[in-house]
Visitor: 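Following this message is one structure expressed as structure tokens.
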Number of protein chains: 2
Amino acid sequence: MTQTPGKFVSSYLLYLLAASSEAASHQFHIRVRELGLRVPEWRVLACLYDQDGLMITQLARYSLMEQSRMTRIVDQMEKRGLVVRKSDEGDGRRVRVHLTDAGQKLSSDVVEEAMEHERTLLSALNQADADRIKPSLERLLASLNSWNSTRE
Amino acid sequence: MTQTPGKFVSSYLLYLLAASSEAASHQFHIRVRELGLRVPEWRVLACLYDQDGLMITQLARYSLMEQSRMTRIVDQMEKRGLVVRKSDEGDGRRVRVHLTDAGQKLSSDVVEEAMEHERTLLSALNQADADRIKPSLERLLASLNSWNSTRE
DNA sequence: TCATATTATATGAAATTTCATATTTTTACA
DNA sequence: TGTAAAAATATGAAATTTCATATAATATGA
């Protein structure tokens, strides 16, 4: 795995975040692929697990990717029978993405594994860090989001 | 920017990390592209700023990407005159990547902007969080890396 | 109500990325 | 030594991703 690079990079906030994200996800993403899913597909399943019928645009935003890419990911998942598109009555521009039965099953199975994996990761930390990490990231994220939204 | 998705996703550690990384990097990556660089190229410059003459494999690891992709990124940077390859005397398999003068100049300019950007981000946090975030991520990363290395 | 702007999604074409594997050089050791 | 394994990089071909823009539906407001 990632050894620590030199002194600027190794203590640079953006590196620490990207590297932590990568390191935390690594094993689980391998598992995701074993289950026949690509990471973006898993993200879609997770979003729809929380709230079925999200729009393409919302899925893209929550899954941290571009809309046109999400369109094609939904294409593939639809071909595979994991989701179906339904056009929104009331606003014909909107496409609502729904889990099929198979998608629902897969979705809850993988979410369960994800939660288990998370518990494992947290249990490798010392108690204090394990308790603080998520609330601390939530505050960071909120702060970053509001900072970003002031400049776009 | 990213609104908060549903209840599983929005408090899922891997989501918090990926979303924080994305949100923290967003504005700066726009700036990187304004400077005519793509993100992976910026990462290479940052690594070589810390330590000139790294191997392709090391650059790939530190920049969180695959070796064959790094080979092609170095190709492009070499064509652009930012770096040069030199083969390692002592081990002919190794390719050492060195900054050119232009690469060195660009590298330090962008690193400087990166540090300034980091200060700006940190100043948007409350004092306690700003003080704790980097050490806390460093511990997390160390823990994740050692956990990952036990299983590969 | 008509024209214009905006929003949501889709798509063609170019560029990048991935995956498997080839090539070259070193290392290990029988 | 000679030979097999390992390590570092490169590369072809397929797949994915990006970018700009098309298409379609809705909102806005003169």
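Letters go in sequence order (proteins before strands), and every chain restarts at 1.
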Visitor: Nearest whole angstrom, please: distance from the C1' of C/dT23 to the CZ of B/R94.
Guide: 18 Å
Visitor: Round to the nearest Å and state the distance from B/D75 atom CG to D/dA10 atom P.
Guide: 7 Å
Visitor: Atom CE of B/M65 to atom P of D/dT16: distance rounded to whole Å?
Guide: 20 Å
Visitor: Do the side chains of B/E66 and B/R61 get close enough for a salt bridge, i.e. N-O under 4.0 angstrom?
Guide: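 B/R61 and B/E66: not salt-bridged.
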Visitor: Need to verify one output field. Residue with the more 5' nearest nucleotide on DNA chain D, A/D91 or A/Q76?
Guide: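 Here A/Q76 is the residue nearer the 5' end.
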Visitor: So what does B/S68 hit on the nucleic acid, given a heavy-atom distance under 4.0 Å: a base, only sugar-phosphate, or nothing?
Guide: base
Visitor: Check for a donor-acceptor pair, side chain of A/Q51 on one end and backbone N or O of A/L48 on the other, with a separation under 3.5 Å.
Guide: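 Pair absent, no side-chain N/O of A/Q51 close to backbone of A/L48.
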Visitor: Can you tell me how far P of D/dT16 sits from CE of A/M70, to the nearest Å?
Guide: 14 Å
Visitor: Take atom CZ of B/R96 and atom C1' of D/dA8, then tell me their distance rounded to the nearest Å.
Guide: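 Going from B/R96 (CZ) to D/dA8 (C1'), I get 11 Å.
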Visitor: Test for a donor-acceptor pair under 3.5 Å between the base of C/dT7 and the side chain of A/R93, counting only N and O atoms.
Guide: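 Side chain to base: pair found, below 3.5 Å.
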Visitor: Considering heavy-atom distances to DNA chain C, does B/E66 or B/G90 have its closest nucleotide positioned more toward the 5' end?
Guide: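 Upstream on the strand: B/E66.
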Visitor: OP1 or OP2 of C/dT16 less than 4.0 angstrom from a side-chain nitrogen or oxygen of B/R38, does that happen here?
Guide: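 Yes.
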Visitor: Reckon A/R72 has a side-chain N or O less than 4.0 Å from the OP1 or OP2 of D/dT18?
Guide: no
Visitor: Please state how far atom CD1 in A/I56 lies from atom P in C/dT7, giving the value in whole angstrom units.
Guide: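 For the pair A/I56 CD1 and C/dT7 P, the rounded distance is 18 Å.
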Visitor: With both distances under 3.5 Å as the test, what is the Watson-Crick or G-U wobble partner of D/dA30?
Guide: C/dT1
Visitor: Quick check: on DNA chain D, is the nucleotide nearest A/R69 upstream (toward 5') of the one nearest B/M55, or the reverse? Name the residue that is more 5'.
Guide: B/M55
Visitor: Separation of A/Q67 atom CD from C/dA10 atom C1', in whole Å?
Guide: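 Answer to the nearest Å: 7 Å.
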Visitor: Rounded off to whole Å, could you give me the CG-to-C1' distance for the A/L54 and C/dA8 pair?
Guide: 14 Å
Visitor: Salt bridge between B/E78 and B/R72, side-chain N to carboxylate O under 4.0 Å?
Guide: no
Visitor: Answer yes or no: are there more than 12 heavy-atom neighbours, outside A/D101 itself, under 6.0 Å from its atom CG?
Guide: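 For A/D101, atom CG is not crowded (no more than 12 foreign heavy atoms under 6.0 Å).
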Visitor: For B/R85, report the nucleic acid contact type (base, sugar-phosphate, nothing); a contact means any heavy atom under 4.0 Å.
Guide: sugar-phosphate
Visitor: Tell me, yes or no, whether the heavy-atom count around A/E34 atom CD, taken from other residues, nucleotides or ligands under 6.0 Å, exceeds 12.
Guide: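 Result for CD/A/E34: enclosed.
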Visitor: Assign each of B/I73 and A/T57 to its nearest nucleotide of DNA chain C by heavy atoms, then name whichever residue's nucleotide is nearer the 5' end.
Guide: A/T57
